[in-house]
Amino acid sequence: MSWWRSVTLPALALVLAGCGFQLRGQFSIPVALQPVHIEAVGGSDVARELRDLLRNSKVRIADQRADAASEIQILEERRERRVLTISAASAEVDEFELRYTTTWLLRDTGEQRRPLTRLETIEGLRDYTFDRTAVLATQSEEAALVEDLQQDAALRILYRLQAWQPDQAPAPEEVEIEQELRDGG
């Protein structure tokens with residue numbers, strides 16, 4: 001029986017590797033995009049998550065745009081909290097909804113800084129029960145949910161980058177129009 005395992009396990013590993021299977025948390029960014037630079041306005045938590053995930057996957061990250069082949073721009077991060085339900089008996093909040101929105105773009109780092117993806121917005125939602133008797137615990141839960149939303153946004157950006165193909169790059173004017181429309185121009 002041991003010879004069966006010694007033959008089957010390596011064969012299974014080869015089959016899985018051949019079909020593109022990767023362990024969760026490992027990302028393979030196209031070589032044409034590496035090294036990648038991450039640019040964000042202010043202290044971006046999504047950018048921090050992206051850097052951590054890329055480093056853990058052994059993807060080359062450039063500290064300066066001039067040293068990179070591509071640049072991930074985190075253009076906006078927005079966090080909102082709204083009341084989801086109110087208790088009929090006490091007229092106090094029972095549930096909140098958290099919404100975390102991240103807008104990003106991938107560019108090349110050449111002189112013209114051509115967009116390599118369209119302007120993309122990722123939105124995540126989570127809701128939680130507000131417990132008036134455990135306010136600190138509820139605040140901790142909210143902080144954990146926000147962190148989860150940030151990590152989810154970073155993962156979704158990386159999944160998109162894994163699937164990136166050079167022939168998908170939009171025309172620069174298309175991205176400019178998208179950005180103007182998004183900014184209300």
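Everything numeric in this text was worked out from a predicted model, so none of it was measured. We number each residue from 1, following the sequence as shown.
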Has T102 got a side-chain atom pairing as donor or acceptor with A153's backbone, closer than 3.5 angstrom? no

Please check if Y159 and L149 belong to a single hydrophobic cluster, counting links between Ile, Leu, Val, Met, Phe, Trp and Tyr side chain heavy atoms closer than 4.5 Å. yes

Output the distance between atom CZ (R107) and atom CZ (R113), rounded to the nearest 0.5 Å. 5.5 Å

Side-chain heavy-atom pair L116, L105 within 4.5 angstrom cut-off: no

Over all atoms of both residues, closest heavy-atom pair of A47 and I38: CB-CG2, 3.7 Å

To the nearest 0.5 angstrom, please state how far the CD atom of E39 sits from the CD atom of E71. 5.0 Å

Just wondering, do L33 and D108 contact through their side chains at under 4.5 Å, heavy atoms? no

Checking L145 against Y100 for the side chain to side chain contact (heavy atoms under 4.5 Å, CB included) test, could you report, in this order, the C-alpha distance in whole Å, the side-chain angles of both residues, the deciding distance, and whether it holds? CA-CA 10 Å; L145 289 172; Y100 201 89; over 6 Å; no

Find the distance between CD1 (I74) and CD1 (I122) and round it off to the nearest 0.5 Å. 7.5 Å

Looking at W164 and L106, would you say the former's side chain and the latter's main chain have a donor-acceptor pair under 3.5 Å? no

Atom CD of Q64 with >12 non-hydrogen neighbours under 6.0 angstrom: no

Does the side chain of Q73 reach to within under 4.5 Å of the side chain of W104, using non-hydrogen atoms? no

Kindly say whether L75 contributes a backbone atom to a donor-acceptor pair with the side chain of T103 at under 3.5 angstrom? no

Which pairs count as salt bridge (charged side-chain N to carboxylate O under 4.0 Å, His left out) when at least one residue sits in residues 157-172, sequence neighbours excluded? E120-R160

Inspect the surroundings of CD in E80 and state if more than 12 heavy atoms from other residues, nucleotides or ligands are less than 6.0 Å away. yes

Is R81 positioned over the aromatic face of F96, cation under 6.0 angstrom from the ring centre and no more than 45 degrees off axis? yes

Side chain of Q34, backbone of I29: donor and acceptor closer than 3.5 Å? yes

R126 side-chain N/O to L98 backbone N/O, donor-acceptor pair under 3.5 Å: no

Pair listing, salt bridge (charged side-chain N to carboxylate O under 4.0 Å, His left out) test, anchored in residues 42-53, at least two apart: D45-R48

Going from CZ on F27 to CG on L161, what distance comes out if it is rounded to the nearest 0.5 angstrom? 10.0 Å

Residues that R55 engages under side-chain hydrogen bond (donor to acceptor under 3.5 Å, both in side chains), provided they are two or more places apart: none

Of all heavy-atom pairs linking D94 and I86, the shortest is OD2-C, 4.0 Å

Heavy-atom closest pair, residues A69 and A32: CB-O, 3.6 Å

Report yes or no: do V93 and V146 belong to one cluster of Ile/Leu/Val/Met/Phe/Trp/Tyr joined by side chain heavy-atom distances under 4.5 Å? yes

How long is the span from the CG atom in L158 to the CG atom in L53, to the nearest 0.5 Å? 5.5 Å

Who are the side-chain hydrogen bond (donor to acceptor under 3.5 Å, both in side chains) partners of E111, not counting sequence neighbours? none

Verify whether one side chain among Y128 and E142 offers a donor that lies under 3.5 Å from an acceptor in the other. yes

Under a 3.5 Å distance rule, please check whether R156 uses its side chain to pair with a backbone N or O of E123 as donor and acceptor. yes

Using side-chain hydrogen bond (donor to acceptor under 3.5 Å, both in side chains) as the criterion, list what pairs up with S44, not counting sequence neighbours. E77

Atom CG of L119 and atom CD of E76: how far apart are they, to the nearest 0.5 Å? 9.5 Å

Partners of E95 by side chain to side chain contact (heavy atoms under 4.5 Å, CB included), sequence neighbours excluded? L84, T85, D127, T129

